[in-house]
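FYI, the numbering just counts along the sequence from 1.
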Amino acid sequence: MSVTGKVYLVGAGPGDPELVTIKAQRLIRECDALVYDYLSAPELLGWTKPSCEHHYVGKRAGFHALPQEEIEKLLVHLARAGKNVVRLKGGDPFIFGRGGEEALTLKEAGILYEVVPAVTAALGCAAYTGVPLTHRDYASSVTFLSGHERPDKDEPMVDWAAHAATDATLVLYMAMGRLPLIAATLVDGGRPADTPVMVVQWGTTAKQRSVSGQLSNIAERVYEAGIGAPAVVIVGAVAALGDSLAWFDPSI
């Protein structure tokens, strides 16, 4: 009688290996197969046992090692082969990580699964640039938004005008390709053009770079600095605090 394995949807955190949870580390050390993406820190791969299978399924702009549907089929296949699988995903599995889609596929296939949360990019990048996403004097709420939605949607799910009308800190994921348009749309929706903005690339890692500005000029500053994906964009009054509260030196 064959024994079906279990799949663990594990968050790899924002990049710094020391931000990974103890549970995630244990599961990586014990797993029979590791299915990992582009944003998983290389150090994490070295934690696996010698017999562990490594499957790279990374996705970045213009290149997908494996389509999402094939990734989900791979997870089911490995589990049905009796392997305990760690699906290692950059950031948190359930914050713009497509972990929900993978969990639904596993559930429909009758595969046991578990979700291991992690520090998502918004929290890690903000902390490592000295930006408190909430502050009693500046922002009492924070909203995570995707700057890149599926092109086959009939209508976009993000109502930028509605978010522009609030005082919440906005953290944009996957927004670099549309940053000029998004910034202009927020201004058109009512956010002041001088609203502070911080863009953080490769946050929490030795490659971390950031640039600050305002909605009116952030796209130009990002272009001049040569900053691209992967990056998060922090919009709101708290973004200005990064200039005085920055503590992380990626060169050390």
- Derivation of the side chain to side chain donor-acceptor pair (under 3.5 Å) call for Ser40 and Asp37: CA-CA 6 Å; Ser40 301; Asp37 67 20; 3.1 Å; yes

- Task: Apply side-chain contact (heavy atoms from CB on, under 4.5 Å) to the pair Glu53 and Leu78, showing each step before the final yes or no.
- Result: CA-CA 10 Å; Glu53 299 178 11; Leu78 291 170; 3.6 Å; yes

- Task: Evaluate the side chain to side chain donor-acceptor pair (under 3.5 Å) criterion for residues Thr143 and His163: first the C-alpha distance (whole Å), next the side-chain angles of each, then the deciding distance (0.1 Å), finally the verdict.
- Result: CA-CA 9 Å; Thr143 304; His163 291 293; 4.5 Å; no

- Query: Do Tyr36 and Tyr56 pass the ring-ring contact (aromatic ring centres under 6.0 Å, His included) test, and can you show the C-alpha distance, the side-chain angles, and the key distance before you say yes or no?
  - Reply: CA-CA 5 Å; Tyr36 65 100; Tyr56 175 67; 5.4 Å; yes

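Side-chain contact between Trp160 and Leu145 is present, with at least one heavy-atom pair separated by less than 4.5 Å. Under the 4.5 Å side-chain criterion, counting only non-hydrogen atoms from C-beta, Glu101 is not in contact with Leu104. Within the 4.5 Å cutoff, no side-chain heavy atoms of Ile111 are placed close to those of Leu75. Two residues are said to be in side-chain contact when any heavy atoms from C-beta on lie closer than 4.5 Å; Glu72 and Glu108 fail this criterion. Contact of the Thr134 side chain with the Val238 side chain is not registered, since no non-hydrogen atoms from C-beta on lie closer than 4.5 Å. Using a 4.5 Å heavy-atom threshold, the side chains of Leu112 and Thr4 count as separate. Considering only heavy atoms from C-beta on, Thr129 comes within 4.5 Å of Gln208 through its side chain. Side-chain contact between Leu170 and Leu186 is present, with heavy atoms from C-beta onward closer than 4.5 Å.
Residues Leu245 and Pro132 approach most closely at CD1-CD, 4.2 Å, considering heavy atoms. Thr205 and Pro250 make their closest contact through O-CB, 3.8 Å (heavy atoms, listed as atom of the first residue, atom of the second, distance). Closest of all the heavy-atom pairs between Ser210 and Met198 is CB-SD, 3.9 Å. Closest non-hydrogen pair, Leu106 versus Tyr113, comes out as CD1-CB, 3.8 Å. Shortest non-hydrogen contact noted between Ile182 and Leu172 is CG2-CD1, 3.8 Å. The two residues Cys125 and Val232 make their nearest non-hydrogen contact at CB-CG2, 3.5 Å.
Under a 4.0 Å N-O distance rule, the pair Arg98/Glu102 does not qualify as a salt bridge. The pair Glu70-Lys73 counts as a salt bridge, with a side-chain nitrogen and a carboxylate oxygen less than 4.0 angstrom apart.
At most 12 non-hydrogen atoms from other residues, nucleotides or ligands lie less than 6.0 angstrom from CG of Asp167. Within a 6.0 Å radius of NE2 in His135, other residues, nucleotides and ligands contribute more than 12 heavy atoms. More than 12 heavy atoms of other shown residues, nucleotides or ligands fall within 6.0 angstrom of atom NZ in Lys49.
Each of Asp92, Val85, Val116, Val35 was evaluated against Val10; a single residue qualifies, Val116, per the side chain to side chain contact (heavy atoms under 4.5 Å, CB included) test.
In this structure, NZ in Lys89 is found 12.0 Å from OG1 in Thr120, a value given to the nearest 0.5 Å. Expressed to the nearest 0.5 Å, how far SG of Cys31 lies from CH2 of Trp47 amounts to 12.0 Å. Here the CZ atom belonging to Arg87 is positioned 9.0 Å from the CG atom belonging to Leu74, to the nearest 0.5 angstrom. For the atom pair CD1 (Ile227) and CE (Met176), the distance works out to 6.5 Å, reported to the nearest 0.5 Å. The structure places CG of Leu241 at 11.5 Å from OG of Ser212, a figure rounded to the nearest 0.5 Å. For the atom pair NZ of Lys6 and CG of Asp32, the computed distance is 13.5 Å after rounding to the nearest 0.5 Å.
Both Val197 and Leu179 belong to a single network of hydrophobic side chains, linked directly or stepwise wherever heavy atoms of I, L, V, M, F, W or Y lie under 4.5 Å apart. Trp202 and Leu45 end up in the same hydrophobic cluster when Ile, Leu, Val, Met, Phe, Trp and Tyr side chains are linked at under 4.5 Å. There is no path of hydrophobic side-chain contacts, each under 4.5 Å, that joins Tyr223 to Val235. At a threshold of 4.5 Å between side-chain heavy atoms, the hydrophobic network of Ile, Leu, Val, Met, Phe, Trp and Tyr places Tyr8 and Val119 in two separate groups. Both Val115 and Val57 belong to a common hydrophobic cluster when Ile, Leu, Val, Met, Phe, Trp and Tyr are linked at side-chain heavy-atom distances under 4.5 angstrom.
Remark: the backbone N or O of Thr166 is paired with a side-chain donor or acceptor of Arg191 at under 3.5 angstrom. Between the side chain of Arg209 and the main chain of Gln201, no donor-acceptor pair closer than 3.5 Å is present. With hydrogens and angles ignored, the 3.5 Å screen pairs no side-chain donor or acceptor of Thr195 with any backbone N or O of Leu215.
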